Amino acid sequence: MTIASIIEFQNVTKQYGDGTKAVDSLNLEIKSGEFIVLIGPSGCGKTTTLKMINRLIEPTSGSILIKGKNVGSYDVDRLRWNIGYVLQQIALFPHMTVEDNILVVPEMKQSDKETMKRRAHELMEQVGLDPAVFAQRKPSELSGGQQQRVGVIRAMAADPEILLMDEPFSALDPVAREKLQEDLLLLKKTFGKTTVFVTHDMNEALKLADRICVMREGRIVQTGTPDELRRNPAGAFVREFIGRGEGGLHEVLDLRRWVTAFPAEPVHPQIVLPADIHTDRLVSVMADHEAAGVEDGGELIGMINRESAFRLLASEGRGKVHHE
Ligand code: ADP
Ligand code: MG
């Protein structure tokens with residue numbers, strides 16, 4: 001095991017009482033600060049994998065290590081305080097205010113009340129919930145998206161080292177969902193928590209993940225960065241999943257919002273793309289180039305790098321009417 005890995009699955013199998021092998025000889029190392037997405041069809045073992053990390057489920061065989069120590073050797077309450085957990089339907093306490101809901105776990109950790117309150121308000125601001133407006137509201141006075149936002153920051157309020165998220169946005173409408181994904185990207189940038197995020201939506205995976213782990217029938221089919229999966233899908237199963245995430249191939253995308261300035265050193269891009277470009281062209285060019293120039297009306301307006309191109313593809317690939 002390398003020093004940097006915070007969670008490690010060593011040959012982990014989970015077989016339920018009725019004989020179902022939900023997870024089958026899983027090996028996976030998750031690095032500190034990494035945002036890893038587990039993706040795969042319903043029933044492939046994602047939730048079981050996640051719940052073995054915070055000991056809601058015990059493996060049948062194999063070991064799960066956190067910072068090199070078997071999860072079983074930690075005090076289970078302490079382990080869970082140090083692991084934020086967000087579910088599809090977060091359960092906020094209905095009779096408590098938003099602020100008190102966020103402070104539940106930190107209070108159990110017995111941190112200084114004022115410090116925790118400040119942190120709760122900071123987190124609320126990070127996700128666009130003005131504390132002056134929302135701190136004293138009850139959950140019933142929030143929209144579904146806002147409630148889920150509170151669930152996410154509640155999981156982060158105690159400053160856990162690890163966040164587990166099990167399809168946290170899948171019950172939301174597409175607009176709220178996209179907003180929450182943006183929030184999460186911002187939180188990721190700010191706090192850089194080690195996160196294990198479960199979804200069956202490739203768009204979401206491509207948008208959020210540092211690394212994606214594709215699962216099928218309790219096994220890992222492929223693990224890699226969004227870029228690696230796109231360029232080198234391990235067979236038809238992964239290719240099909242990726243394809244679903246990409247939307248229509250002939251959709252015209254607008255690169256203007258995604259363009260950044262060239263670095264200080266003047267560079268001559270090897271390739272220049274039009275600001276309005278077909279999805280398939282963008283995919284094939286970005287598979288071969290780290291970055292490309294972008295021109296609009298005959299003028300070079302900046303560059304787009306591979307990462308932002310793929311984020312663009314992930315965010316545009318959903319719910320659109322496909323041309324052709
Ligand atoms: P996912 O989250 O990917 O949809 P799960 O981890 O929930 O998958 O489930 C994996 C497999 O284990 C499925 O076949 C599911 O039916 C089965 N399973 C999950 N929980 C139990 C349980 N408590 N008892 C028996 N089988 C279960
Ligand atoms: Mg599940």
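Nothing here was measured: the structure is a model prediction, and the numbers come from that model. Just the heavy atoms: all of them, side chains too, but no hydrogens, waters or symmetry mates, feed the values below. One-based numbering along the sequence shown. Atoms within a ligand are numbered from 1 in the order they appear, just like the ligands themselves.
Residue contacts with ligand 1: A22 is placed with no nitrogen or oxygen under 3.5 Å of a nitrogen or oxygen of the ligand (distance criterion only).
Paired with V198 under the rule side chain to side chain contact (heavy atoms under 4.5 Å, CB included), one option of V86, V37, L50, T49 passes, and it is L50.
Remark: atom 15 (C) of ligand 1 lies closer than 4.0 Å to no protein heavy atom.
Of the protein's non-hydrogen atoms, G43 N, 2.7 Å is the one closest to atom 4 (O) of ligand 1. Of all protein heavy atoms, the one closest to atom 6 (O) of ligand 1 is T48 OG1, 2.6 Å. For atom 7 (O) of ligand 1, the closest heavy atom belonging to the protein is T47 CB, 3.7 Å. Of all protein heavy atoms, the one lying nearest to atom 18 (N) of ligand 1 is Y16 CE1, 3.4 Å.
Under the 4.5 Å side-chain heavy-atom criterion for Ile, Leu, Val, Met, Phe, Trp and Tyr, F191 and L180 are members of the same hydrophobic cluster. One hydrophobic cluster holds both I271 and I304 under the rule that ILVMFWY side chains link at heavy-atom gaps under 4.5 Å.
The Mg ion (ligand 2) has T47 among its coordinating residues (N/O/S atom, backbone or side chain, under 2.8 Å).
Judged by distance alone, the side chains of N305 and S308 do bring a donor and an acceptor atom under 3.5 Å apart.
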Intermediate values then yes/no, side chain to side chain contact (heavy atoms under 4.5 Å, CB included), Q10 and I64: CA-CA 6 Å; Q10 292 179 337; I64 297 153; over 6 Å; no
Steps toward salt bridge (Lys or Arg N to Asp or Glu O under 4.0 Å) verdict (D166, K46): CA-CA 8 Å; D166 196 349; K46 305 181 294 294; over 6 Å; no
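Using a 4.0 angstrom heavy-atom cutoff, G45 counts as in contact with ligand 1.
Only the side chain of T20 comes within 4.0 Å of ligand 1, counting heavy atoms alone; its backbone N, CA, C and O stay farther away. Residue T49 does not touch ligand 1, judged by heavy-atom distances below 4.0 Å.
Using a cut-off of 4.0 Å between Lys/Arg side-chain N and Asp/Glu carboxylate O, D227 and R231 are scored as salt-bridged.
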